[in-house]
2 protein chains.
Amino acid sequence: MLSPVDHREGPDLSRRVSPREAGADDERVTIRDVAARAGVSATTVSRVIKGDYPVAQSTRTRVLRAMRELDYVLNVHARALSGASTKMVAFVLDDVTGPSFAYVAKGVEQQATAEGRLCMVCTTHGDPARELAVVEAMREQRADAVILVGGGSLDDTYRERMSHFAHALDKAGSRLVLCGRPPLGDDVPTTVVEYDNEGGAYAMTSHLLSQGHRRIALVGASTPDDLSTTKLDRVRGFERAHESFGVPYDPDLVIPAYFGRADGYAATRRLIALGAEFTAVFAATDMVAIGVLAALREAGIRVPEDVSLAGYDDIPFAADLTPALTTVHVPTEELGRTAVRLALNREERQHVVLGTHIVVRDSVRPPGRNMVR
Amino acid sequence: MLSPVDHREGPDLSRRVSPREAGADDERVTIRDVAARAGVSATTVSRVIKGDYPVAQSTRTRVLRAMRELDYVLNVHARALSGASTKMVAFVLDDVTGPSFAYVAKGVEQQATAEGRLCMVCTTHGDPARELAVVEAMREQRADAVILVGGGSLDDTYRERMSHFAHALDKAGSRLVLCGRPPLGDDVPTTVVEYDNEGGAYAMTSHLLSQGHRRIALVGASTPDDLSTTKLDRVRGFERAHESFGVPYDPDLVIPAYFGRADGYAATRRLIALGAEFTAVFAATDMVAIGVLAALREAGIRVPEDVSLAGYDDIPFAADLTPALTTVHVPTEELGRTAVRLALNREERQHVVLGTHIVVRDSVRPPGRNMVR
DNA sequence: CATACCGTAGACACCGGTTTCTACACCTGC
DNA sequence: GCAGGTGTAGAAACCGGTGTCTACGGTATG
């Protein structure tokens, strides 16, 4: 409850400009208030806080006591303004409720905390325009790093503007991180943390083929309006595995679909209605797999007795489905941790690809006689 | 690639105080650089940005062009320092990967965006000390609102320090929001958004009782070291329903457990090993229910033929379990949205309780003859 | 013709820490 | 007894916007 303004100075130049006078109790305590109470200068208080300059023990004690008594809280904006890092990383994703995104978020948060950073989260709902706007906002915030998660757009003007941001952030001492999406180009200063999308799809398709499946439906290929790199890579792995096994695949079994539960469900119903022949379904994500499972079950098709089912992502619930879902594990948490670590420790390699591997559970079996249709 | 500094000005008063000279390419563009390029004062540029003061159209155009050419980015810290709101809300939760938390987060993010705010996320991993530290950090950030999600601690010194923060934030024009946890006291300036934990538990227990169940195991009661209010309320609903029905409940069937999948699993195995008699299990959360389900299945007990199972929270996967889980719906997204809305629009009521309701699916049936054991 | 007013724009202090440069007391050494 | 060093502390400029006060050209008014 100390007056925040020192009145020792003569009445001549005082009060003249004091916007403080209005609200009687708007008491924000500044470093100078602490200084006044401790009987030292603001400089000394600052030094006590930072601890990087010798301050006599007795002085330090007085200052600390004054801080406590006044309930002093540092103003990060003032600190940031005078050149210090903001100690903040920004994290941009499609949707917090995406089960894998949440785990990336956890990894980011974990590592950010470990490195003494706070964490901003922004969602884009898959809108590239909003993503660009959000990145711009992060430039205003002077974030230490801006982490973009999830498959990016391949649109040219989008890539160009994103490259611009990468350069701008770089010049400002910050960093653009692409997490789970491919680089923007060799000359663009970014940190890239990918995982082996194609390899996982290749491994899973190989697993299905080696179990004897010859007609595998892939649900979740690219739609004309969504050319996300994640999809492209997963489809490529699917194709490459067929080539390796010398097994041709039926293009009619490669079904474009978004990555939601409802999309898997709808696609499968359509597939069944069309009378397509298949012994296994490879869903491009576990969410899609859940939809596929529901549609199959509804049609009286048993999994895995009649049709095998594989997913992608290894979301936490994959193991709790009935049957437990065979899927591709993606190191989501590690993805987030790595993104932050690399962005803040620039001496490390700035492009890594994390491995994926298949997790065999109960939803895949060799095909029986009773092939669908 | 435009030179960020305008050199037209005479050499008379320039360069005098220019710490910029050192690093050749550390080009941060300020409002004054824009002003120089547009041939106006910094004040005018500021007015063009804010748009709350008349600026001649021709001047505005010149300024906007200069901003574009220099790739000017506003500095939010400078703005925040000179009194403006930070346009940020902070969001503090246990764990981003908790399925219900993610939905609260989504609601918070949604509403924050709608109100032109950015969103900080911090996790505490259930540690009250860390929660206090995080709230302190948010005070430093001058966030417009600090939203605490999830059952809080009942510890006295914790409550006292949290009350202190509430008062401090209030004085600073900010707001502490308790989301899904009870008020700290009448004199503490907080916004409280709860949901009817007890009512949901009451409704679900009533549902089970009305189906004829008389021996219902409650998995997920309070442990001595975790007296979270969420648990307490759910147990109370369970008890109150029994009273209403005039059915005594067996205290041995009220099992303390944490809220994880593994906890439900372990508790159920213990229950079975002990030879407890029950026809239904009410899991205190859906995650617990998943563990319970796994343990029952492992023991050869069918759900719902042999034992009925009910959950709490209505997480997105509840409908995809086999059998689809009967559970209590919690309006998580609305919880998040409401929290932000009330905190930023202070004229509304600052304490609301959202409703919960049961969602009947396939995991509950009237008890058959073959009761366990 | 002088005064008043309107629209527009600049000067300058200020927000709250940080940093550089300077200052002073005290001690050491010759 | 004085030059030089060391430990500690303060004054003032600065970071980059914003608010307030003043100023100036031009038109409307008495």
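Below, chain A is the first sequence line, B the second, and so on; all start at residue 1. Note that this is a predicted model, so its numbers are computed, not measured.
Residues that satisfy the side-chain contact (heavy atoms from CB on, under 4.5 Å) test with B/Asp52, not counting sequence neighbours, are B/Lys50. Checked against side-chain contact (heavy atoms from CB on, under 4.5 Å), B/Val45 has the following partners two or more places apart in sequence or in another chain: B/Ile31, B/Val34, B/Ala35, B/Val40, B/Ile49, B/Val63. Checked against side-chain hydrogen bond (donor to acceptor under 3.5 Å, both in side chains), A/Arg117 has the following partners two or more places apart in sequence or in another chain: A/Asp144. B/Thr44 pairs by the side-chain hydrogen bond (donor to acceptor under 3.5 Å, both in side chains) definition with B/Ser41, not counting sequence neighbours.
In terms of phosphate contacts, A/Arg32 brings no side-chain nitrogen or oxygen within less than 4.0 Å of OP1 or OP2 of C/dG17. Here A/Lys50 does not reach the OP1 or OP2 of C/dG17: none of its side-chain N or O atoms lies under 4.0 Å away.
Comparing B/Ala78 and B/Asp52, the nucleotide of DNA chain D nearest to each residue sits closer to the 5' end for B/Ala78.
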Check: protein-nucleotides 8-11 of chain C nitrogen or oxygen pairs below 3.5 Å:
from, atom 1, to, atom 2, distance (Å)
C/dA9, OP1, B/Thr59, OG1, 2.4
C/dA9, OP2, B/Ala56, N, 3.0
C/dA9, N7, B/Arg47, NH1, 3.4
C/dA9, N6, B/Tyr53, OH, 2.9
C/dG10, OP2, B/Ser41, N, 2.8
C/dG10, OP2, B/Ser41, OG, 2.8
C/dG10, OP2, B/Thr44, OG1, 2.6
C/dG10, O6, B/Arg47, NH2, 2.7
C/dA11, N6, B/Thr43, OG1, 3.1

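For B/Ser82, whose side chain is taken as the heavy atoms from C-beta onward, the closest listed nucleotide among D/dT18, C/dG16, C/dG17 is D/dT18.
Taking both residues in full, the closest heavy atoms of A/Val55 and A/Arg60 are given as O-NH2, 3.4 Å, listed atom of the first, atom of the second, then distance. Considering every non-hydrogen atom in both B/Gly39 and B/Arg62, the closest pair reads O-NH2, 4.1 Å.
Between the CZ atom of B/Arg139 and the P atom of C/dG16 there is a distance of 14 Å, given to the nearest Å. When the C1' atom of D/dG16 is taken as reference, atom NE2 of A/His77 falls 14 Å away, rounded to whole Å. If you measure from atom CG of A/Asn75 to atom C1' of C/dC14, you get 14 Å, rounded to the nearest angstrom. The CG-P distance, from A/Leu81 to D/dT18, rounds to 12 Å in whole Å. As rounded to whole Å, 8 Å separates atom C1' of C/dT18 from atom CD1 of A/Ile31.
The backbone N or O of B/Ala129 lies less than 3.5 Å from a partner atom in the side chain of B/Asp127, making a donor-acceptor pair.
Residue A/Val48 is classed as having no contact, given no heavy-atom separation below 4.0 Å to the nucleic acid.
Looking at A/Tyr72 and A/Asp33, their side chains never come closer than 4.5 Å, going by heavy atoms from C-beta outward.
Contact annotation: side chain of A/Arg28 to base of C/dG16, donor-acceptor pair absent below 3.5 Å.
Salt bridge B/Arg161/B/Asp155: absent, no basic N to carboxylate O contact under 4.0 Å.
Summary for the helix from C/dC1-D/dG30 to C/dC30-D/dG1: the axes at its two ends, each from 5 pairs, differ by 60° when rounded to the nearest 10 degrees.
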